[in-house]
4 protein chains.
Amino acid sequence: MARTTTTPPDGRFQSPEVRRRQILDAAAELAVSEGLESTSIARVAEAAGLAKGSIYLHFASRQDLLAGLQADLWQRMLATPNDIVSDDTLSWSTRLSAVVEHWMRFEFEHHGLYHSVFHTIATDSDEPLEAARSLLAELIHRGTDAGEFHTGGLDAGVVVEFLLNGYVGPCFHHTNADTAIDTVRQLFNRVLGITTS
Amino acid sequence: MARTTTTPPDGRFQSPEVRRRQILDAAAELAVSEGLESTSIARVAEAAGLAKGSIYLHFASRQDLLAGLQADLWQRMLATPNDIVSDDTLSWSTRLSAVVEHWMRFEFEHHGLYHSVFHTIATDSDEPLEAARSLLAELIHRGTDAGEFHTGGLDAGVVVEFLLNGYVGPCFHHTNADTAIDTVRQLFNRVLGITTS
Amino acid sequence: MARTTTTPPDGRFQSPEVRRRQILDAAAELAVSEGLESTSIARVAEAAGLAKGSIYLHFASRQDLLAGLQADLWQRMLATPNDIVSDDTLSWSTRLSAVVEHWMRFEFEHHGLYHSVFHTIATDSDEPLEAARSLLAELIHRGTDAGEFHTGGLDAGVVVEFLLNGYVGPCFHHTNADTAIDTVRQLFNRVLGITTS
Amino acid sequence: MARTTTTPPDGRFQSPEVRRRQILDAAAELAVSEGLESTSIARVAEAAGLAKGSIYLHFASRQDLLAGLQADLWQRMLATPNDIVSDDTLSWSTRLSAVVEHWMRFEFEHHGLYHSVFHTIATDSDEPLEAARSLLAELIHRGTDAGEFHTGGLDAGVVVEFLLNGYVGPCFHHTNADTAIDTVRQLFNRVLGITTS
DNA sequence: AATGAATGAGGCTTCATTCAT
DNA sequence: GATGAATGAAGCCTCATTCAT
């Protein structure tokens, strides 16, 4: 039949994957602009150009939607850094710098959404958060082993938490992003005893 | 019913100041134990031993109450550090250490309440947050002038934000508080180029 | 003060007991006219002259309201019969007749509401239903012992269920109530082997 | 996707009659296991192996489906009894016994579905219910004329309603089915003045 | 004949806020 | 000052029904 038309005439009918993404994007935008708690199903539906009930074709509940948003953000936050850490052509301090830059740009773009998602949503698993911690912990550990970093007996867990929270602060106030990133990179270096000659 | 007049045996009639304090304390306790969003007027009233309507004799709205709570917390967070910074018998690095310890203990005690108040409540003024920034900024500035800290041309605003957020991270995970505080103090030292001989 | 006015000017403020009764009455009326499932909170509130939210000052949930309605009906259904059964000045067959009449008039008045409440609402306890069964079972048992009834070895439980359901049937169709009651009384007599000379 | 044309390997295309039956059977099963109100279109479709929308190719609305279910049940309830009543090789009391047994077994099998269908669904016509009444009324009338039953001037309509409701009661509580049936048969005999010598 | 994404009315429930007492 | 019954807007969710494919 006429089943060949892959592009529907208007946007009324969409494949589940597309719709799911549209909804998540709408939710993310709302969450950024109005806060997570104000991100109601009604608002999301409106922003996504759907009826309220249609949200439930893609998410079992508001909690589920929020969890999906969280997972989505985490995955975007972690994908590139994972690649960076695995790239053995780079020195450890270069990898660290690259990860910091990625995270900060991500945070600038989302203007703190990560932070509210981070601290507000109750999910069953802290998996992705743990993944971020592990990533940074491993990076530090291996850079130290390689003689590039010098943590001098500091509690590794505390250092990781400190850095992971610290870089977020400068992202909230729109000073020049490049300056902020550059400064934070140097702060990471100081914390990890990296001497940039 | 048969109880006729004046001064009731229990604490039913209180001066406005006392009542206000009772309400704020009840709200803070609830916010710590159940989260800011779950802190409803009904729950606060119940915890404060008042009827719902009576809350409105002391606060214009829920927002007002939450703003009061915020101001209260900031107040508590800043009072002692202000004293510390003014104490000229101490070296700048000692003052810094003392402020960090105060803030971290405060955070540990309130189990992240500060953080959610910080990030959730929309207030008209960022006054107190600005005050915290100023405090730390001044401390760093004067310590640098005194030759105790060495920030080497780093953007002061970024450093302040970095530190102000960084110390919060380790407070969420109940590793031993003393270890966390000690480690964070050393991290501050590293960031500010303080050499502890 | 002016606390003496027991009758409020209009019906806006009522004591909890009065309101609870008004709500239950409204709910019963709706349940009779439209069926239990159609008895929504919104309809009940409207019928009771209240806002939707006000229902929840008196009932924890729709289930709770329905359970309250059920309990209310059962209690009205069982109070008088209990008295009748205890009245030792009457013969057992007279008591039986009186109970049947009470139940049937009750059913006529409520036009089958008992029946839908009986079969629809999921309550934690079947207490009151069990109470009705017990009442009839005891009445039959003691009337048999007294030599007034002759059940001749029939399974007591089955007989009770049979009678308890049977009398309801004629109440649905508005034949003359008195005729129906009189006929059902005779049917009970036949079932229980009572000879009315 | 790659599956090209005609006659699919599974039972996807069916004649309307077969589909209708499949849907009704699925609905009946669901109604028995979960109650009439919980029998949603979505559940029925799922149980029948169809998409939601396809139900509407066979029934105009949910009400229509429920009415169909009702008609179906009545049909099954009345077919055999009609044959029994027409079987002139049997005495009237034997026919009565056989009808009672059929009805009770039917009720036991469906675990009260008949009852909820009976009392919940609003249909335009009470035709089938009337048919059941007529059947029993005729049976009683002709048995009385034949001298087998002795109703002694009791109101026929009331007696029919009484019996029609009465037999249902014992079916709800899983005492032994055979005992229940046997007992109810005797109760019918008592009501109709049948002496079993 | 079949699908299933989309709809939107309607149901339950919560909660900040008001106001007569 | 204090109360608490009452309100009503707003939130989450379900489900019968439609319709483009």
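Order of the sequence lines fixes the chain letters, A, B, ..., with proteins taken first and strands second; residue numbering starts at 1 for each chain.
Picking from E:dA6, E:dT17, F:dC13 the nucleotide with the shortest atom distance to the side chain of A:Ser61 gives F:dC13. For B:Arg62, whose side chain is taken as the heavy atoms from C-beta onward, the closest listed nucleotide among E:dA16, F:dA6, F:dA16 is E:dA16. Which of F:dT7, E:dA6, F:dG4 sits closest to the side chain of A:Phe13 comes down to E:dA6. Of all nucleotides listed (F:dA16, E:dG8, F:dC12), F:dA16 comes nearest to the side chain of D:Tyr56. Candidate nucleotides F:dC12, E:dG8, F:dA16 were compared by shortest atom distance to the side chain of A:Ala51, and E:dG8 ranks first. Of the candidates E:dT18, F:dC12, E:dA5, E:dA5 carries the atom nearest the A:Pro16 side chain, counting heavy atoms from C-beta on.
E:dA20 is paired with F:dT3 under the Watson-Crick or G-U wobble criterion, all donor-acceptor distances under 3.5 Å. Base pairing annotation: E:dA9 forms a Watson-Crick or G-U wobble pair with F:dT14, both donor-acceptor distances under 3.5 Å.
What you find for A:Thr39 and A:Ala27 is that their closest heavy atoms are CG2-O, 4.2 Å. Taking both residues in full, the closest heavy atoms of A:Arg21 and A:Asp72 are given as NH2-OD1, 2.8 Å, listed atom of the first, atom of the second, then distance. Contact record, A:Leu50 with A:Arg19: CD2-NE, 3.3 Å, taken as the closest heavy-atom pair.
Map B:Ser38 and C:Ser40 each onto its nearest nucleotide of DNA chain E; the residue landing nearer the 5' end is C:Ser40. With DNA chain F read from its 5' end, the first of the two nearest nucleotides for C:Lys52 and B:His58 is the one closest to B:His58. Mapping D:Ala42 and B:Gly53 onto DNA chain F by nearest heavy atom places B:Gly53 at the nucleotide closer to the 5' end.
Counting heavy atoms from C-beta outward, B:Phe59 and B:Leu66 have side chains that stay 4.5 Å or more apart.
In this structure, the CZ atom of B:Arg43 is 18 Å from the C1' atom of F:dG4, given to the nearest Å. In this structure, CD of A:Glu46 is placed 14 Å from C1' of F:dA10, rounded to the nearest angstrom. Put simply, CD1 on D:Ile23 is 14 Å from P on F:dA16, counting in whole angstrom units. Between A:Arg19 atom CZ and E:dA5 atom P the separation is 11 Å, expressed in whole Å. When rounded to the nearest whole Å, the span between CG of A:Asp64 and C1' of F:dT14 equals 16 Å. Between C:Arg20 atom CZ and F:dA5 atom P there is a gap of 14 Å when expressed in whole angstrom units. Between the CD atom of A:Gln22 and the P atom of E:dA5 there is a distance of 14 Å, given to the nearest Å. Atom CD in D:Glu37 sits about 17 Å away from atom P in F:dT14, given to the nearest Å.
Residues C:Glu34 and C:Arg43 are paired through a salt bridge, judged by an N-O separation under 4.0 Å between the basic side chain and the carboxylate. A:Arg76 has a carboxylate O that lies under 4.0 Å from a charged side-chain N of A:Asp25, or vice versa, which qualifies the two as a salt bridge.
Nucleic acid contact for D:Ser54: base, since at least one base atom lies under 4.0 Å from a heavy atom of the residue. Residue contacts for A:Ile55: at a heavy-atom cut-off of 4.0 Å it reaches no nucleic acid atom on any strand shown. Residue-level contact check: D:Leu57 touches the bases, meaning some heavy atom is under 4.0 Å from a base atom.
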